[in-house]
Amino acid sequence: MSQKLKVGILGATGMVGQRFISLLEDHPWFEVVTVAASPRSAGKTYEEAVGGRWKMATPMPEAVKKLVVMDVNEVEQVAATIDFVFSAVDMTKEEIKAIEEKYAKTETPVVSNNSAHRWTPDVPMVIPEVNPEHFEVIVSQKKRLGTTKGFIAVKPNCSIQSYAPVLTAWKEFEPYEVVATTYQAISGAGKTFKDWPEMVENIIPYIGGEEEKSEQEPLRLWGKIENGVIVKAEEPKITCQCIRVPVLNGHTAAVFVKFRKKPTKEQLIEKLVSFKGLPQELGLPSAPKQFIQYMEEDNRPQVALDVDFEHGMGVSIGRIREDSIYDFKFVGLSHNTVRGAAGGAVLCAELLKAQGYITQK
């Protein structure tokens, strides 16, 4: 046990915090030793603080039940107990930016699920199979922060996981124009049907800020490091609509693509199923063996059947076919709170450890 890195979770009582707790149970590299949340939860045991709000399908791990919740704002005290933190705090964007930098300046690496630092020029925003080289910008960030070990790394928005890796797999065919509509689960808003009954048998055609993230964040993933900052790519141009649907977990995307070099359907499928990245090469604990699966059936992927592919860390694609206006269209599905949130952050942390960015203090 002593060889495991000591982990803290900021915002541990919320839905994404709970997902971190459940994913890290029995993790071979990481051990949750500290949970931190708002002052109103501080001083209670984790079990007391969460109360009847445990939202995971699996029971609360025994190892965390009796941990006493610390005040997330007591940065020095929390940082003294851990090697690094996962951040899932529920605050304003400015407050999140400030508190994550405070933790980094205590020489505590921060792997964040939040959007606050996704456009900070020297903060890497990474899907480990897509752009692991962006972690190299951490060197510049540490100079700015004045740290030797402390830094912030983030994962991108949950809505792009079902199409950005696909477009990455197809980059040699030069996709240049993309139309995407995402059908997003209610857990993306931190809700269940119990606490959001108006979503039952309903669709809401608006999710605040989501369309801009869905259009712009993939371009940052495909950007380049120049002079110590990440400069986003110019193409493909993406336009997106984001719709909330009555599904608990799983974001589905219907996507249309134009290519400069027109591929065949067979080539597109081959590129997807053979697509691998550093997590697969290194055999990281949370890495899916098959990152992207292609499903031949006309009625797949389906949330009910496919959202847990590779324990929620894989992406399922179906219905690739030629289009009368665009070149091809397809349907994608990813688990929004596993690959799209906590699981994606855990995989980032595993790669950061494997590359020597996160070590014991």
Side-chain angles (χ1 to χ4, degrees), residues 2-12 16-17 20 24 27 29-38 42 69-128 131-156 220 225 227-230 284 341-342 344-361:
S2 62
Q3 295 309 302
K4 291 189 181 184
L5 290 173
K6 292 190 253 180
V7 180
I9 298 171
L10 312 180
V16 174
F20 275 120
L24 292 167
H27 192 282
W29 296 0
F30 306 145
E31 180 189 4
V32 177
V33 299
T34 299
V35 287
S38 66
V69 178
M70 298 183 74
D71 182 343
V72 74
N73 299 303
E74 294 181 347
V75 176
E76 296 283 347
Q77 292 94 315
V78 174
T81 66
I82 50 179
D83 294 313
F84 76 100
V85 293
F86 288 112
S87 175
V89 289
D90 182 13
M91 300 174 172
T92 68
K93 197 163 279 197
E94 290 312 310
E95 288 170 337
I96 293 169
K97 274 187 171 178
I99 201 164
E100 289 182 350
E101 284 211 357
K102 278 183 188 167
Y103 274 94
K105 285 176 177 175
T106 67
E107 301 295 358
T108 304
V110 178
V111 181
S112 181
N113 182 72
N114 296 304
S115 64
H117 276 293
R118 286 185 195 151
W119 290 94
T120 303
D122 58 10
V123 170
M125 179 178 76
V126 171
I127 295 176
N131 62 323
E133 69 282 359
H134 282 195
F135 285 144
E136 293 166 19
V137 82
I138 287 169
V139 175
S140 302
Q141 186 194 144
K142 285 177 178 174
K143 284 182 188 159
R144 174 174 65 83
L145 295 175
T147 58
T148 54
K149 289 180 111 157
F151 63 86
I152 301 161
V154 300
K155 50 139 291 291
R220 191 167 199 258
I225 298 174
N227 301 316
V229 299
I230 295 160
L284 298 179
V346 170
L347 190 59
C348 281
E350 290 170 0
L351 184 53
L352 286 162
K353 178 197 180 295
Q355 294 184 323
Y357 291 100
I358 294 177
T359 57
Q360 287 182 322
K361 275 186 180 173

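With a 6.0 Å radius and a threshold of 12 heavy atoms from other residues, nucleotides or ligands, K102 has its NZ atom at or below the threshold. Within 6.0 Å of atom CG in N73, more than 12 heavy atoms from other residues, nucleotides or ligands are found, so the atom counts as buried in its surroundings. In the displayed structure, K142 atom NZ is contacted under 6.0 Å by more than 12 heavy atoms of other residues, nucleotides or ligands.
P109 is not listed as a side-chain neighbour of L352, based on a closest heavy-atom distance of 4.5 Å or more. When side chains are defined from C-beta on, R144 counts as touching T120, because their heavy atoms get closer than 4.5 Å. In this structure, E133 and I225 have side chains that are not in contact, with every pair of non-hydrogen atoms separated by 4.5 Å or more. Residues H27 and V346 are in side-chain contact: their nearest non-hydrogen atoms beyond the backbone lie under 4.5 Å apart. Counting heavy atoms from C-beta on, the side chains of V137 and F151 never come closer than 4.5 Å. Looking at P124 and I138, their side chains come closer than 4.5 Å, going by heavy atoms from C-beta outward. Within the 4.5 Å cutoff, the side chain of R118 has no heavy atoms near those of the V123 side chain. T108 has its side chain within reach of K361: a pair of non-hydrogen atoms, C-beta onward, lies under 4.5 Å apart.
Closest non-hydrogen pair, T81 versus K6, comes out as O-CD, 3.8 Å. Heavy-atom minimum distance, V78 versus A36: CG2-CB, 4.3 Å. What you find for M125 and K155 is that their closest heavy atoms are CG-C, 4.0 Å. Taking both residues in full, the closest heavy atoms of A79 and T106 are given as CB-OG1, 3.3 Å, listed atom of the first, atom of the second, then distance. A349 and V111 get closest at one heavy-atom pair: CB-CG2, 4.2 Å. A354 and L284 make their closest contact through CB-CD2, 4.0 Å (heavy atoms, listed as atom of the first residue, atom of the second, distance).
Evaluation of the side chain to side chain contact (heavy atoms under 4.5 Å, CB included) rule for A88 yields V16, F20 as partners, not counting sequence neighbours.
Between the side chain of E107 and the main chain of T148, a donor-acceptor pair closer than 3.5 Å is present.
For the atom pair CG of D122 and CG of L145, the computed distance is 7.0 Å after rounding to the nearest 0.5 Å. In this structure, M70 CE and I9 CD1 are separated by 14.0 Å, a value rounded to the nearest 0.5 Å. Between the CE atom of M91 and the CD1 atom of I99 there is a distance of 4.0 Å, given to the nearest 0.5 Å. The distance from the CD1 atom of I358 to the CH2 atom of W29 is 10.5 Å, given to the nearest 0.5 Å. The NZ atom of K353 sits 10.5 Å away from atom CG of D83, with the distance rounded to the nearest 0.5 Å. Here the OG1 atom belonging to T92 is positioned 10.5 Å from the NZ atom belonging to K97, to the nearest 0.5 angstrom.
Aromatic ring pairs are classed by plane angle as parallel below 30°, tilted from 30° to 60° and perpendicular above 60°; the pair F84 and F86 is perpendicular.
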Could you go step by step and tell me if V154 and N114 meet the side-chain contact (heavy atoms from CB on, under 4.5 Å) rule? CA-CA 7 Å; V154 300; N114 296 304; over 6 Å; no
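Pairs of residues two or more places apart, or lying in two chains, never qualify as ring-ring contact (aromatic ring centres under 6.0 Å, His included) while including a residue from residues 88-117.
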